[in-house]
Novice: 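Next up is a structure, given as structure tokens.
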Amino acid sequence: MLFVSSPGIGHLFPLIQLAWGFRTAGHDVLIAVAEHADRAAAAGLEVVDVAPDYSAVKVFEQVAKDNPRFAETVATRPAIDLEEWGVQIAAVNRPLVDGTMALVDDYRPDLVVYEQGATVGLLAADRAGVPAVQRNQSAWRTRGMHRSIASFLTDLMDKHQVSLPEPVATIESFPPSLLLEAEPEGWFMRWVPYGGGAVLGDRLPPVPARPEVAITMGTIELQAFGIGAVEPIIAAAGEVDADFVLALGDLDISPLGTLPRNVRAVGWTPLHTLLRTCTAVVHHGGGGTVMTAIDAGIPQLLAPDPRDQFQHTAREAVSRRGIGLVSTSDKVDADLLRRLIGDESLRTAAREVREEMVALPTPAETVRRIVERISG
Ligand SMILES: Cc1cn([C@H]2C[C@H](O)[C@@H](COP(=O)(O)OP(=O)(O)O)O2)c(=O)[nH]c1=O
């Protein structure tokens, strides 16, 4: 089984439980990714780095430089229709194509599982002549996205003699009520959080004496837009009668200077571990973080950098289902944070969606279903 991910931790992690689902069912599993190969290996899986030296931030910068019209128009609007973003997502996929095709020829998979943004996974399935299964991200609808991306990759598709197949199944990330009026693209699956392993100390972290709120901005937001986006959130936190835990992963937080007394910083921590003792979470809107907050049954405030258009669909879902608040990082103030902590209706709705989500088929059940589909 070949798992193909775009180079992003937020893209890779939603594949890990499925990959282990196949492993524990006795299948061979190989991950194709770039930039974050070590993260996939740390999940106990075998990995091939299909594009050494890849840098997502550099790819985004190059796209903006080469396509000023795109940068000034499409890239300034909410990314609702991903077809429009073909030029950027194709640029993310392009460096992966040669390495992934070579890997397919060496490995000869029976199935390719790819995450929604990795069109290269569809090309891999075509090259191998095997079925493909798509893992969706956030609430995004695929529509003509892969066709749009493929239209920027025709040279590579000719070179490797591949065309664009359709997946035999798609697995949603968000539960039904968070898709609002949108049609599901395939099967629903319970979100089982994965954030890496961690040593928690010599005993379980104590339950905090007063409300603790996590502030986390995913794994690419601040890297792409700059750490400044989190500054207004930290300043607002300093005025609130609660404790805050700043979880920015491996990012160097020294540019933030001294933090308010009620804000403590932690390095990379599996998010579900952190949220277990949190009252609420403030974050950028990434699909994995939305779902991990739902798994914790706590309210969330989605406050991305105002330039980040990719979190629009998650913001719509969270606010319309009533499980959280939405803003942008520059507009977060103490009152908004107090509402996030104190509004019981958000907490009730968050628990309802948690109930809905945990009742969905597990990754293990989903793997069985996939195997049935491709064998039948
Ligand atoms: C920063 C950080 C992220 N994470 C996880 C939470 C999510 O599953 C994932 C981030 O994915 P996601 O929320 O989809 O956002 P993005 O793609 O913008 O990074 O990383 C941790 O487990 N610990 C951390 O310290």
Side-chain angles (χ1 to χ4, degrees), residues 5-19 33 35-36 38-40 42-43 56-57 59-60 79 82 85 88-89 92 115-118 135-140 172-174 178 190-200 205 214-227 229-230 233 244-253 256 264-278 281-296 298 300-305 307-315 317-318 324 329 357 363:
S5 173
S6 308
I9 294 173
H11 291 263
L12 173 70
F13 278 9
L15 293 175
I16 300 292
Q17 309 288 16
L18 277 173
V33 69
E35 198 171 359
H36 302 291
D38 54 339
R39 290 266 179 207
V57 170
V59 169
F60 298 152
L82 292 185
W85 288 73
Q88 176 161 313
I89 312 175
V92 168
E115 57 79 24
Q116 195 171 17
R135 172 68 161 134
N136 277 0
Q137 303 274 1
S138 191
W140 288 308
E172 294 284 4
S173 225
F174 278 19
L178 284 191
R190 176 178 176 166
W191 178 265
V192 180
Y194 173 79
V199 177
L200 302 182
I215 302 171
T216 179
M217 300 296 276
T219 60
I220 186 78
E221 179 87 357
L222 302 180
Q223 288 81 344
F225 294 109
I227 199 165
V230 80
I233 303 175
F244 290 81
V245 50
L246 184 64
L248 301 185
D250 299 329
L251 201 67
D252 171 19
I253 62 161
L256 295 173
R264 72 182 168 96
V266 292
W268 182 278
T269 311
L271 191 61
H272 60 280
T273 306
L274 195 67
L275 298 189
R276 207 173 278 147
T277 51
C278 283
V281 51
V282 182
H283 66 93
H284 66 306
T289 306
V290 168
M291 288 312 302
T292 305
I294 288 171
D295 176 73
I298 57 174
Q300 42 190 305
L301 165 60
L302 276 58
D305 185 294
R307 288 164 296 175
D308 181 0
Q309 305 300 338
F310 266 95
Q311 315 311 345
H312 183 79
T313 50
R315 282 153 49 94
V318 163
S329 56
M357 190 278 286

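Each residue takes its place number in the sequence, starting with 1. We count ligands from 1, going down the list as the structure has it; atoms in each ligand are counted the same way.
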Novice: Got M217 and I233 here, is their nearest side-chain heavy-atom distance under 4.5 Å?
Specialist: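 M217 vs I233: side chains touch.
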Novice: Is T219 in polar range of ligand 1, meaning some N or O pair under 3.5 Å apart?
Specialist: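 Min N/O separation from ligand 1 is below 3.5 Å for T219.
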Novice: Do any N or O atoms from the side chain of T292 and from the backbone of G288 form a donor-acceptor pair under 3.5 angstrom?
Specialist: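 Yes.
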Novice: Atoms of ligand 1 less than 4.0 Å from G10 heavy atoms?
Specialist: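 Listed by number with element, the hits are 11 (O), 14 (O), 17 (O).
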Novice: Between CE of M291 and NE2 of H272, what distance do you get to the nearest 0.5 Å?
Specialist: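 If I round to the nearest 0.5 Å, the distance is 14.0 Å.
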Novice: If you count the atoms of ligand 1 from 1 in the order shown, which ones are under 4.0 Å from a heavy atom of G249?
Specialist: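 Result: 1 (C), 25 (O).
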Novice: Which atoms from ligand 1 have a heavy atom of W268 less than 4.0 Å away?
Specialist: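 Near W268, meaning under 4.0 Å from one of its heavy atoms, ligand 1 has 1 (C), 2 (C), 3 (C), 4 (N), 20 (O), 21 (C), 22 (O), 23 (N), 24 (C), 25 (O).
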Novice: Going from CZ on F13 to CG on L271, what distance comes out if it is rounded to the nearest 0.5 angstrom?
Specialist: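 Between atom CZ of F13 and atom CG of L271 there are 10.0 Å.
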Novice: Please check this pair: side chain of R135 against backbone of P14, looking for a donor-acceptor N/O pair closer than 3.5 Å.
Specialist: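 Here the side-chain-to-backbone pair exists.
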Novice: Below 4.0 angstrom from a heavy atom of G195, which ligand 1 atoms are there? Numbered from 1 as shown, please.
Specialist: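 Reading through ligand 1 atom by atom, the close ones are 22 (O).
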Novice: Atom 9 (C) of ligand 1: which protein heavy atom is closest, and how many Å away?
Specialist: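 The closest heavy atom on the protein side is F13 CD2, 4.2 Å.
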Novice: Who's the nearest protein heavy-atom neighbour of atom 14 (O) of ligand 1, and how far?
Specialist: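 In this structure, atom 14 (O) of ligand 1 has G288 N, 3.0 Å as its nearest protein heavy atom.
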Novice: Would you say D305 and H284 make side-chain contact, with heavy atoms under 4.5 Å?
Specialist: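 The answer is no; the side chains never approach within 4.5 Å.
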Novice: Is H284 in contact with ligand 1, taking contact as a heavy-atom separation below 4.0 Å?
Specialist: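 It does, in that a heavy atom of H284 comes within the 4.0 Å cut-off of ligand 1.
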Novice: With a 4.5 Å limit on heavy-atom distance, are the side chains of V290 and W191 in contact?
Specialist: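 No. Closest side-chain heavy atoms not under 4.5 Å.
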Novice: Would L248 count as being in polar contact with ligand 1, using the rule that some N or O on each side must be under 3.5 angstrom apart?
Specialist: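 No: no nitrogen or oxygen of L248 is under 3.5 Å from one in ligand 1.
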Novice: Which of the numbered atoms in ligand 1 are below 4.0 angstrom from a heavy atom of T216?
Specialist: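 Here the atoms of ligand 1 in question are 1 (C).
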Novice: Does L271, backbone or side chain, put an N or O under 3.5 Å from an N or O of ligand 1?
Specialist: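 The answer is yes, given that L271 and ligand 1 share an N or O pair closer than 3.5 Å.
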Novice: Heavy atoms, side chains only, cut-off 4.5 Å: are F60 and V92 in contact?
Specialist: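 The answer is yes; the side chains approach within 4.5 Å.
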Novice: Between Q223 and V57, is there a donor-acceptor pair closer than 3.5 Å when you use the side chain of the first and the backbone of the second?
Specialist: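 Judged by distance alone, no pair lies under 3.5 Å.
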Novice: If the cut-off is 4.0 Å to any non-hydrogen atom of I220, which atoms of ligand 1 fall inside it?
Specialist: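 Those of ligand 1 that fall under 4.0 Å from I220 are 18 (O), 19 (O).
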Novice: Heavy atom under 4.0 Å from ligand 1: found in T269's side chain, backbone, both, or neither?
Specialist: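 Near ligand 1, T269 shows its backbone, while the atoms from C-beta on stay back.
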Novice: Would you check the N or O atoms of E221, main chain and side chain alike, for any that come under 3.5 Å of an N or O of ligand 1?
Specialist: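 No, no N or O pair falls under 3.5 Å.
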Novice: Can you list the atoms of ligand 1 that are under 4.0 Å from a heavy atom of G218?
Specialist: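 Ligand 1 atoms under the 4.0 Å threshold to G218: 1 (C), 19 (O).
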Novice: Quick check: does any side chain N or O of E35 sit under 3.5 Å from a backbone N or O of G8, one acting as donor and the other as acceptor?
Specialist: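 Between the backbone of G8 and the side chain of E35 there is no qualifying donor-acceptor contact (under 3.5 Å).
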Novice: So, do D295 and M357 sit near enough that their side-chain heavy atoms are less than 4.5 Å apart?
Specialist: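 Side chain of D295 against side chain of M357, heavy atoms only: contact under 4.5 Å found.
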Novice: Return the closest protein heavy atom for atom 13 (O) of ligand 1 as residue, atom name and distance.
Specialist: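 Ranking protein heavy atoms by distance from atom 13 (O) of ligand 1, first comes T289 OG1, 2.5 Å.
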Novice: Show which atoms of ligand 1 fall inside a sub-4.0 Å distance from at least one heavy-atom site of P270.
Specialist: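 Going through ligand 1 atom by atom, the ones under 4.0 Å from P270 are 22 (O).
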